Colleague: 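Here it is, the structure in full.
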Number of protein chains: 2
Amino acid sequence: MTQANNVAPLFMDIAKVEHEHHLACQSCALYRLCLPLGLHSDDLAQLDTIIQRSHSLSRNQSLFDYLAPLKSIYVVRSGAFKTTVAASNGREQVTGFYFPGEFVGMDAIHSQSYQSTAKALETSSVCELPFERLSEIGAAMPQLQMQMMSRLSKELSADKNLMLLLGKKTAEEKMATFLLSLSRRFQDRGFSATEFQLSMSRADIANHLGLAVETVSRLLGRLQDGGLVHFEGKSVNIKDMHALQSLCG
Amino acid sequence: MTQANNVAPLFMDIAKVEHEHHLACQSCALYRLCLPLGLHSDDLAQLDTIIQRSHSLSRNQSLFDYLAPLKSIYVVRSGAFKTTVAASNGREQVTGFYFPGEFVGMDAIHSQSYQSTAKALETSSVCELPFERLSEIGAAMPQLQMQMMSRLSKELSADKNLMLLLGKKTAEEKMATFLLSLSRRFQDRGFSATEFQLSMSRADIANHLGLAVETVSRLLGRLQDGGLVHFEGKSVNIKDMHALQSLCG
DNA sequence: CGTTGACTTGAGCAAGTTCAACCGGCGTGG
DNA sequence: CCACGCCGGTTGAACTTGCTCAAGTCAACG
């Protein structure tokens with residue numbers, strides 16, 4: 001919690017510089033993936049005025065907590081997040097992982113309070129979109145509203161597929177599907193589709209896929225023995241993408 | 001498929017009458033639950049002009065199919081629907097059930113094609129909102145856009161809870177949670193929270209909850225033996241709501 | 001009255017969990 | 001500097017939940 005201080009300053013400075021120099025969405029590396037896509041430059045300028053870029057978090061710090069009143073929608077800027085929902089008895093489900101350019105907190109719009117908890121998996125930063133102000137300027141920017149809806153819709157589709165995974169797939173199919181999903185998302189972000197880091201713990205993966213940690217461990221071992229992938233701690237190297245696809249069920 | 005004809009005419013007539021008489025959203029029994037809530041009367045009038053109310057389906061008829069291009073968003077008017085997503089090997093997951101006043105097809109917005117298949121569980125009708133026109137008039141109606149987002153957000157939250165159910169709950173907890181979820185939704189619609197019909201088959205319930213049909217059957221039997229609920233074919237009577245809640249996990 | 005489809009019931013089985021031990025890296029404090 | 005405890009991960013063996021398969025009931029229907 002309080003150890004955030006040893007990493008925060010660096011990020012704070014970057015954010016500050018960007019803000020002072022009006023380094024805005026247009027100059028952001030994530031521009032093509034992000035919200036402003038398709039906006040006219042004057043609309044974009046207006047959007048820029050309400051975006052707060054100063055928000056940085058350290059590992060395990062929460063971006064928002066379950067039932068906290070909706071303040072902002074967030075876009076991951078760097079790092080990674082997980083969201084969880086908890087059952088009354090304390091068990092909890094990791095409902096999603098979020099990478100740069102992805103939106104977090106959209107499930108709060110309806111009830112005006114976050115319906116999940118979001119935690120940083122590593123040192124991470126976000127762009128903060130104050131919802132109140134977003135609504136205000138959105139009223140005059142149908143493309144912006146449409147972008148938001150499109151994002152919501154995209155997450156909805158992803159969730160349906162996750163339901164398919166959780167309800168109908170075997171442990172091995174789950175694991176293969178998960179790895180490929182990560183691969184695709186990294187590729188979309190301009191990174192390698194075959195080599196990347198698993199920023200989340202085995203426990204988080206297991207929880208997310210509805211498995212036990214031990215099962216994940218064994219499965220990863222088995223995939224590695226089969227020569228499909230190579231693991232080295234948190235880094236993954238996919239050796240046989242095609243074989244992996246055929247395991248997805 | 002073709003047997004739709006023996007029930008369709010009745011509904012067609014009703015729809016026609018309503019359209020001719022300009023019986024619009026305001027006079028709809030679902031008004032308080034539905035999209036137009038919070039719109040000004042002139043906006044509502046405009047919305048009314050694009051809504052098509054003539055769409056009626058018989059049992060098992062599909063409202064839209066996986067990967068069909070997005071044409072419209074639908075609001076259930078009467079009856080009930082299920083949506084499914086299929087894995088490449090043919091297995092499929094029932095991702096949701098939809099009752100009057102609920103939206104179907106919103107997962108198509110992002111990709112502009114439906115990402116699931118929607119089928120009527122019984123003779124049903126929908127209000128059809130042509131998406132193109134909805135976008136057009138929505139551009140000038142921020143409240144309408146916000147309503148849509150709110151709906152998307154609500155479904156998102158529901159899906160996260162379903163992920164919790166699928167990933168972390170025992171068979172009994174799943175069943176109890178499911179029954180209570182139905183109960184609440186019927187109550188919201190002004191029906192009894194304790195007595196209602198299960199419009200879906202045991203197979204659909206089982207699939208939706210990630211269980212085998214047999215397990216559902218046993219579970220329902222067990223709940224009935226315990227005096228928590230009473231079943232008579234498709235109708236349910238919840239005897240001990242509180243006990244059921246305590247089983248939800 | 002035989003057929004069909006939806007549901008129930010019983011018995012054995014398997015996938016994945018649980019429990020327990022173990023390993024290695026890392027930060028802390030003696 | 002090393003011992004210690006802790007955390008994340010891996011491995012092995014026993015166990016349990018819910019599945020599979022098979023048979024049987026029941027109601028609707030031609």
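Just so we're clear, the structure is a prediction, and the values are computed from it rather than from any experiment. Throughout, a chain's letter reflects where its sequence line sits, starting with A, and its residues are numbered from 1.
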Colleague: Say whether, by atom type as modelled, one donor and one acceptor occur between the side chain of A/Arg59 and the main chain of A/Thr123 under 3.5 angstrom.
Modeller: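 Absent.
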Colleague: Just the rounded figure in Å: distance from C1' of D/dT17 to NZ of B/Lys169.
Modeller: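 After rounding, the reported distance stands at 18 Å.
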Colleague: Using a strict 4.0 Å threshold on nitrogen-to-oxygen distance, state whether B/Lys154 and B/Glu102 make a salt bridge.
Modeller: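 Answer for the salt bridge query: no.
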Colleague: Need one value for A/Gly210: base, sugar-phosphate or nothing, where a base atom within 4.0 Å counts as base even if backbone is also close, heavy atoms only.
Modeller: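 Sugar-phosphate contact only.
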Colleague: Between C1' on D/dG8 and CG on A/Asn207, what's the gap in Å once rounded to a whole number?
Modeller: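 Interatomic distance, CG of A/Asn207 to C1' of D/dG8: 15 Å.
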Colleague: Does B/Arg202 place a side-chain N or O at less than 4.0 Å from the phosphate oxygens OP1/OP2 of C/dT8?
Modeller: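 For C/dT8, OP1 or OP2 has a side-chain N or O of B/Arg202 closer than 4.0 Å.
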Colleague: When the distance from CG of B/Leu198 to P of C/dC7 is rounded to whole Å, what number comes out?
Modeller: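 Value for this atom pair: 10 Å.
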Colleague: Given atom CD of A/Glu172 and atom P of C/dT17, what is their separation to the nearest angstrom?
Modeller: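 My rounded result for the distance is 14 Å.
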Colleague: Round to a whole Å and report the spacing from CG of A/Leu211 to P of C/dA14.
Modeller: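 Going from CG in A/Leu211 over to P in C/dA14 covers 20 Å.
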Colleague: Taking atom types as modelled and ignoring hydrogens, do the side chains of B/Gln115 and B/Ser113 form a donor-acceptor contact shorter than 3.5 angstrom?
Modeller: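 B/Ser113 and B/Gln115 do have a side-chain donor-acceptor pair below 3.5 Å.
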Colleague: Can a donor-acceptor pair be found between the side chains of A/Gln61 and A/Ser58 at a distance below 3.5 Å?
Modeller: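 Result is yes, a qualifying pair exists.
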Colleague: If I take atom CG in residue B/Leu209 and atom P in nucleotide D/dC19, what distance separates them, rounded to the nearest angstrom?
Modeller: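 In whole Å, D/dC19 P and B/Leu209 CG are 10 Å from each other.
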Colleague: How many whole angstroms separate atom CZ of A/Arg59 from atom P of D/dC7?
Modeller: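 So the CZ-P distance, A/Arg59 to D/dC7, works out to 12 Å.
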Colleague: May I ask you to evaluate whether B/Ser217 reaches the phosphate of C/dC7, defined as a side-chain N or O under 4.0 Å from OP1 or OP2?
Modeller: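 No, outside the criterion.
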Colleague: Any salt bridge between B/Arg91 and A/Glu173, counting N to O under 4.0 Å?
Modeller: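 So B/Arg91 pairs with A/Glu173 through a salt bridge.
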Colleague: Measure up the B/Phe186 and B/Phe99 rings against each other and bin them: parallel (under 30°), tilted (30 to 60°), perpendicular (over 60°).
Modeller: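 Taking B/Phe99 first and then B/Phe186, their aromatic rings sit tilted (interplane angle of 30° to 60°).
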Colleague: Counting distance only, does the side-chain N/O of A/Lys82 pair as donor-acceptor with the main-chain N or O of A/Leu121 below 3.5 Å?
Modeller: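 Between the backbone of A/Leu121 and the side chain of A/Lys82 there is no qualifying donor-acceptor contact (under 3.5 Å).
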Colleague: Could you tell me whether A/Ser201 contacts a base, only the sugar-phosphate backbone, or nothing, with contacts defined as non-hydrogen atoms closer than 4.0 Å?
Modeller: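 Answer is sugar-phosphate: A/Ser201 comes under 4.0 Å of backbone atoms only.
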Colleague: How would DNA chain C look in dot-bracket form, 5' to 3', counting Watson-Crick and G-U wobble pairs with both distances under 3.5 Å and writing | for bases paired to another strand?
Modeller: ||||||||||||||||||||||||||||||
Colleague: Within the modelled atom types, does a donor on one side and an acceptor on the other bring the side chain of B/Arg218 and the base of C/dG10 under 3.5 Å apart?
Modeller: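 A donor-acceptor contact between them is present.
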Colleague: Choosing from D/dT11, C/dG10, C/dT17, which nucleotide comes nearest the side chain of B/Glu214?
Modeller: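 Taking heavy atoms from C-beta onward, the closest nucleotide is C/dG10.
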Colleague: Between P on D/dG9 and CG on A/Leu223, what's the gap in Å once rounded to a whole number?
Modeller: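 My rounded result for the distance is 17 Å.
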Colleague: Return no unless some side-chain N or O of B/Lys234 is found under 4.0 Å from OP1 or OP2 of C/dC7.
Modeller: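 Result: yes.
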